[in-house]
Amino acid sequence: MSSDEKLRRLIELKQTARNGGGEARIDAQHKRGKLTARERLDILLDEGSFEELDSLVRHHVSDYGLDGQRYHGDSVVTGHGHVDGRLVFVFAQDFTVIGGTLSEVAGQKICRIMDLAMLSGAPVIGLNDSGGARIQEGVGSLAGYGEIFTRNTLASGVIPQISVIMGPTAGGAVYSPAITDFIFMTQETGQMYITGPEVVRAVTGEDVTHEQLGGATAHATHSGVSHFTVAGDEACLGEVRRLLSFLPSNNMEDPPALEPEDDPQRSSSDLLTIVPDESSRPYDMRAVIERVVDGADFMEVHAGFAQNIMVGFARLDGRTVGIVGNQPLVLAGVLDIDASRKAARFVRFCDCFNIPLVTLTDVPGYLPGVAQEHGGIIAHGAKLLFAYAEATVPKVNVILRKAYGGAYIVMSSKHLRGDVNYAWPTGEAAVMGAEGAVNIIHREELQNSANAAELRQTLMAEYNERFSNPYAAAERGFIDDVIDPRETRPRLIRALAMLQDKSVTNPPKKHGNIPL
């Protein structure tokens, strides 16, 4: 065979690999409202930056049950490219090839990419669209999953790992995304579940659809498995690029800093009136965040889950920060099981990747009730406490209004190694609110009073005067300063600039034992 013939052969093989499962299956993919693996990578990555690896790999088992199907590249496209000029490693499962099922060699391709990502110190992004393990290969496909899970675990906290669920992801396949840092799901097409509706129906008698069981909305609002829900492949991949703009490439780097376009000295008079005078009235913490951060740009994480607390990424003077804030619009901003889990995982991610934490506190306490106690609020609530205490990144806290009881402690207080703690004049740091405190402290006096209602109001006013303000905590040094709300943005920026070179190490140990 001549050199020209060999070259033509190579070109033919490469073209065959690029065609995936063929035109008919590509058309079927499009009719489902989904793009192909390669089309998705074209959107995700900078134009012309994708370098494919292992494009000629084929599975090496018998044709048992596959009717002779052996595709170059098999069921996953792997390689590396750039997002905004920064290196990333990617794999995209190809549903047009044997339903995107994971074969032994497909698992090896994904592991190869993950190994290179670790060696290079670059994020890894997986686009998931698969029917699960390739049954025809038996234990070989299961071994592939196990190898992937191991690499997910070893890479955790070293490089950012992002999973994008753009089609079915079932059985053991769901555990790799679950270990990664962030999960995106496309509405209507992205699905995750351990067992499908048919198995659920057979075992439990419950009649449920694929979407109800494991769709994007279910995991964004009920289970909390998914962090972002986006309509359509293209918009979803655009949000992945946006997330990456906030993150460092690995745990040894700082997050990327942008040239600031917003005045670091900007004050906001609106902040004077956002918090109502009545402590029981709600307000939107998002309005506070948007007035403080650069350009009102806040990328909320887990927006549909445990909405009584908000977490997400923003910038202050061009630098990435992680925001944690109670949301008084939902359950008065109280901490419960789901809110504690949500915030703790976010705090730990930020600590892994050198992202400073800004906490905005307005919390009346932990949610009481039998369901919460029996559900493990003690263990789950301790997760957030553990996460803040363990974190060594710069931590700045602003108490806007309520900071009661154990919830005061857990929201990045000085006692959990908070670096700088501010309060607005409306801040209240106390064991509990005035009514509850008066009912306990003056129980007998109230019981014996002929005019208990009037006495209660007088005692509550005295309690509020003494405790429902930030000055008692400031006198003890638990709050560094009581600040003008209008100056929140410049004060945060100056505090973080001062802490930029903070260096703290935890005691030597293999790892902590967070109450999982």
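More than 12 heavy atoms of other shown residues, nucleotides or ligands fall within 6.0 angstrom of atom CZ in Phe149. In this structure, Asn448 places its CG atom where more than 12 heavy-atom neighbours from other residues, nucleotides or ligands lie under 6.0 Å away. Within 6.0 Å of CD on Glu278 lie more than 12 heavy atoms contributed by other residues, nucleotides or ligands. For Arg319, the CZ atom sits in a loose shell: 12 or fewer heavy atoms of surrounding residues, nucleotides or ligands are nearer than 6.0 Å. With a 6.0 Å radius and a threshold of 12 heavy atoms from other residues, nucleotides or ligands, Gln372 has its CD atom above the threshold.
Taking the salt bridge (Lys or Arg N to Asp or Glu O under 4.0 Å) definition, one finds that Glu445 meets it with nothing, sequence neighbours left out. Here Lys383 pairs with nothing under the salt bridge (Lys or Arg N to Asp or Glu O under 4.0 Å) rule; sequence neighbours left out.
One distance of note links CD1 of Ile179 with CD1 of Ile148; it measures 10.0 Å at 0.5 Å rounding. Atom CG of residue Asn326 and atom CG of residue Leu400 lie 9.5 Å apart, to the nearest 0.5 angstrom. The OG atom of Ser412 lies 10.0 Å from the CD1 atom of Ile399; values are rounded to the nearest 0.5 Å. The structure places OG of Ser279 at 5.5 Å from OH of Tyr404, a figure rounded to the nearest 0.5 Å. To the nearest 0.5 angstrom, Asn152 atom CG is 3.5 Å from Ser176 atom OG. One finds the CG atom of Leu331 at 5.0 Å from the CG atom of Asn308 (value rounded to the nearest 0.5 Å).
Between Pro123 and Ser249 the shortest side-chain heavy-atom distance falls below 4.5 Å. Side-chain contact between Arg40 and Asp129: present, with at least one pair of heavy atoms (C-beta onward) separated by less than 4.5 Å. Using a 4.5 Å heavy-atom threshold, the side chains of Ile409 and Leu416 count as touching.
The shortest heavy-atom contact between Thr359 and Asn397 is O-OD1, 2.9 Å. Counting all heavy atoms, side chain and backbone alike, Asp351 lies closest to Val393 at OD1-N, 3.2 Å.
A cation-pi arrangement is found for Arg315 relative to Phe246, the charged atom lying closer than 6.0 Å to the ring centre and inside a 45° cone about the ring normal. By the 6.0 Å and 45° rule, Arg491 stacks over the aromatic ring of Tyr422. For the pair Lys34 and Phe95, the distance from NZ or CZ to the six-membered ring centre is under 6.0 Å and the angle to the ring normal is within 45 degrees.
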Step-by-step side chain to side chain contact (heavy atoms under 4.5 Å, CB included) determination, Leu237 to Arg241
CA-CA 6 Å; Leu237 294 168; Arg241 289 178 61 94; 6.0 Å; no
Are Ser163 and Thr180 close enough, and set up right, to give a side-chain hydrogen bond (donor to acceptor under 3.5 Å, both in side chains), and what steps lead you there?
CA-CA 7 Å; Ser163 297; Thr180 61; 2.9 Å; yes
Mind running side-chain hydrogen bond (donor to acceptor under 3.5 Å, both in side chains) on Glu253 and Asn354 for me, showing each step along the way?
CA-CA 7 Å; Glu253 295 182 4; Asn354 312 312; over 6 Å; no
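Asp362 and Gln327 share no side-chain donor-acceptor pair at under 3.5 Å.
For the pair His302 (side chain) and Gly224 (backbone), a donor-acceptor distance under 3.5 Å is present.
A side chain to side chain contact (heavy atoms under 4.5 Å, CB included) with Val164 holds for exactly one of Asn128, Val230, Asp233, Ile125; it is Ile125. The residue from Ile323, Val321, Leu247 that alone fulfils the side chain to side chain contact (heavy atoms under 4.5 Å, CB included) condition with Phe313 is Leu247.
Phe305 and His227 have their aromatic ring centers separated by at least 6.0 angstrom. Under the 6.0 Å cut-off for aromatic ring centres, Phe349 and Phe182 qualify, their centroids lying closer than that.
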Contacts under 3.5 angstrom, residues 191-203 side chains, donor-acceptor by atom type, not counting sequence neighbours:
{"unit_1": "Tyr193", "atom_1": "OH", "unit_2": "His210", "atom_2": "ND1", "d": "2.6"}
{"unit_1": "Arg201", "atom_1": "NE", "unit_2": "Asp207", "atom_2": "OD1", "d": "3.1"}
{"unit_1": "Arg201", "atom_1": "NH2", "unit_2": "Asp207", "atom_2": "OD1", "d": "3.2"}

